[in-house]
There are 4 protein chains.
Amino acid sequence: MTHICIAYHSGFGHTEVLAKKVAEGVRNSGCTADIHNVAELNDALWEHLHKADGIIFGSPTYMGTVSAPFKAFMDASSKLWFGQVWKDKFAAGFTNSGSASGDKLGTLQTLATFAAQHSMIWVSQGIWPSSFSGDGQGLNRLGSWVGLMAQSDNGPASETNPNAEDQAYAAAFGERMGKATLRWVKGK
Amino acid sequence: MTHICIAYHSGFGHTEVLAKKVAEGVRNSGCTADIHNVAELNDALWEHLHKADGIIFGSPTYMGTVSAPFKAFMDASSKLWFGQVWKDKFAAGFTNSGSASGDKLGTLQTLATFAAQHSMIWVSQGIWPSSFSGDGQGLNRLGSWVGLMAQSDNGPASETNPNAEDQAYAAAFGERMGKATLRWVKGK
Amino acid sequence: MTHICIAYHSGFGHTEVLAKKVAEGVRNSGCTADIHNVAELNDALWEHLHKADGIIFGSPTYMGTVSAPFKAFMDASSKLWFGQVWKDKFAAGFTNSGSASGDKLGTLQTLATFAAQHSMIWVSQGIWPSSFSGDGQGLNRLGSWVGLMAQSDNGPASETNPNAEDQAYAAAFGERMGKATLRWVKGK
Amino acid sequence: MTHICIAYHSGFGHTEVLAKKVAEGVRNSGCTADIHNVAELNDALWEHLHKADGIIFGSPTYMGTVSAPFKAFMDASSKLWFGQVWKDKFAAGFTNSGSASGDKLGTLQTLATFAAQHSMIWVSQGIWPSSFSGDGQGLNRLGSWVGLMAQSDNGPASETNPNAEDQAYAAAFGERMGKATLRWVKGK
């Protein structure tokens, strides 16, 4: 089976809600998926990442880029970077914050650059922004391109925070990444 | 008088609406202001920039960064860059696009890096995002930091497009830049 | 045949030297390649891009990001962007400037974001930096990741400017992109 | 006295060598300076930052941006960010890595965006690159603009690693920041 690992950090649960929806979308594509909160850097994490055909990175945007626990994961991966063992795996990224824009692109650029340091191949989010096609309330309502951007209100994570559109968007994004990875594996 | 020049490009008029509001705000601070559409690269532009104590750069976000006419202005400034004649002038930036986020940070990073190449000093937008303090409809409703981000609907520029909040935000941003530049000139 | 188009701009010829070497590398992988200077925006360019399985973007770094003629090409592509006709093509990028670092990452980020706006898939440069493995004079001597960075001296472009290492690096980079695109086409 | 705090992290000592030279340069300008390794987040750090008129941020570049300990400092500052208590302080940044370019711009962009989130004012590095004026071995030999970029060899930090040029550059950069901050304080 083609396998995708979602490696994420979530400070207050909102990014975790997205990670689970991304995994659902990956499974809808016909791939298997597991999710790991990188706040715990254990052997299981590195093993799952090692066997994955694709990795989807997810982090909240804190102070303009990835969270500190996510950065600790990035730095811990430098041992693998020296061996370039993730080379040619597919990669993609998602982020969440409290405002509509709020430097989320900084997080996605950091994730895409990180993937490039591992010589991975970056899959863009690929879903046309709903903000150009009507009420701005559908999939990709914020108009993102490099990866997925979601927005959550300043309250507990729940079934409706981030909202239904952003959760549906996360699933569609996971499905796109799954399909792309299937094609990449098939072409080997 | 302390003088600020707003050097902008506007493809469909929305960014020009903002440029005029920014100039109003600058004047409210006690500085003088002029605005120039950099689609015309004439001697008057370079002279006004030369005498300015601060420059505010404005461009729509097209395909992830500044518009081509704005980039042509940036490249034309390379003659001045060789002499570093804008060194230590104050600088700030604003951008507009059709979606809430939409890679506007890419434009602001390009503008801030451009200002750094000219050894200028970059004034952040400085206004707390309304999205953290209520209905997300006030000043800085998109949650921007490096410069001002506005959003316009896909229709003609008008007194209400970009909307009243974004126009008020542009004026507040201009006033902040004016006050900072006054202080900088006074300290010389 | 799997086909790759190199769409570049070159102000003084150095980036064109690289574009030709990238094309050589692409051909070494078993793909066909053509190169187009985007300073001319003609029908042949858009047709070649349309039929290509992968596109490699190349621009000098001017004032912190892509050159104005390259940006004009990016903006002209917005008609195709509305239809997302380049979706799922492979993409990669290269840049050149006069200093070792010099904001070349700004150009590569702009190119990668541009490719993401077209929903393309970004192939990292993939070659371990020689600066970590000896004298810093081999392939990827500057330590780049998102795309290829080269450096040219402030004189005419020639067989030795950019230098032999950077030209060999451009060929290796083209070959990597060719192999990746072959796999992607095969997996369809 | 006008005071500048250098808040840095150093994994192997190279960035610390730079931090000390930056502090020397600040003192040469007539300001006082202290340096703090942010790997320790204690009350003294926050008090020194609070009283400073300017803050210079320094971090090695790890995996494309600031180190994890530096990011932990950034995230810890979010309590102060809510109150915007650093608003209008001057800021600048420096970074170091093992290769000539190596995504150091990613670190500087992260630092400049972080400063903008605190509504600070960003002082560019301001020193013309030696790579355009001779042998590429003097001040700013890598051609940086947004902040200072240095390069260290893969061995212990010492009086000659980073090299003498980069250490002299760090002092010149600190002096520029000191002079700018003196002017800003005087203009209040």
Side-chain angles (χ1 to χ4, degrees), chain C residues 12 14 60-66 93-113 122 124-155 161-163 165-166 169 173, chain D residues 12 14 60-66 93-113 122 124-155 161-163 165-166 169 173:
Chain C
F12 300 95
H14 308 89
T61 296
Y62 289 170
M63 303 310 296
T65 187
V66 295
F94 63 96
T95 189
N96 175 74
S97 73
S99 56
S101 182
D103 296 335
K104 281 192 271 259
L105 181 58
T107 300
L108 295 178
Q109 287 175 332
T110 294
L111 294 177
T113 301
W122 187 263
S124 56
Q125 61 82 38
I127 294 158
W128 189 253
S130 55
S131 49
F132 293 127
S133 59
D135 59 4
Q137 298 299 319
L139 302 190
N140 194 7
R141 65 192 171 97
L142 303 176
S144 185
W145 299 98
V146 174
L148 176 147
M149 293 183 186
Q151 180 270 333
S152 297
D153 291 332
N154 193 7
N161 188 25
N163 72 14
E165 283 94 351
D166 282 359
Y169 177 32
F173 166 72
Chain D
F12 300 95
H14 307 90
T61 297
Y62 288 171
M63 304 310 298
T65 187
V66 296
F94 63 97
T95 190
N96 175 72
S97 72
S99 57
S101 182
D103 296 336
K104 281 192 272 260
L105 181 58
T107 300
L108 295 178
Q109 287 175 333
T110 294
L111 294 175
T113 301
W122 187 263
S124 56
Q125 62 82 39
I127 294 158
W128 189 253
S130 56
S131 49
F132 294 126
S133 59
D135 60 4
Q137 297 300 318
L139 303 189
N140 193 9
R141 65 192 170 99
L142 304 176
S144 185
W145 299 99
V146 175
L148 176 147
M149 294 182 186
Q151 179 271 333
S152 296
D153 290 333
N154 193 7
N161 189 25
N163 72 15
E165 283 95 351
D166 282 358
Y169 176 32
F173 166 72

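Throughout, protein chains are lettered first and strands after them, A, B, ... in sequence-line order, and every chain is numbered starting at 1. Just so it is clear, the model here is predicted, and its values are computed rather than measured.
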query = Is chain D contacted by the side chain of C/Gln151, its backbone, both, or neither, given a heavy-atom distance below 4.5 Å?
reply = neither

note = Of all heavy-atom pairs linking C/Ala100 and D/Ala100, the shortest is CB-CB, 4.1 Å

query = Among C/Ser144, C/Ser99, C/Ser101, whose side-chain hydrogen bond (donor to acceptor under 3.5 Å, both in side chains) with D/Ser101 holds?
reply = C/Ser101

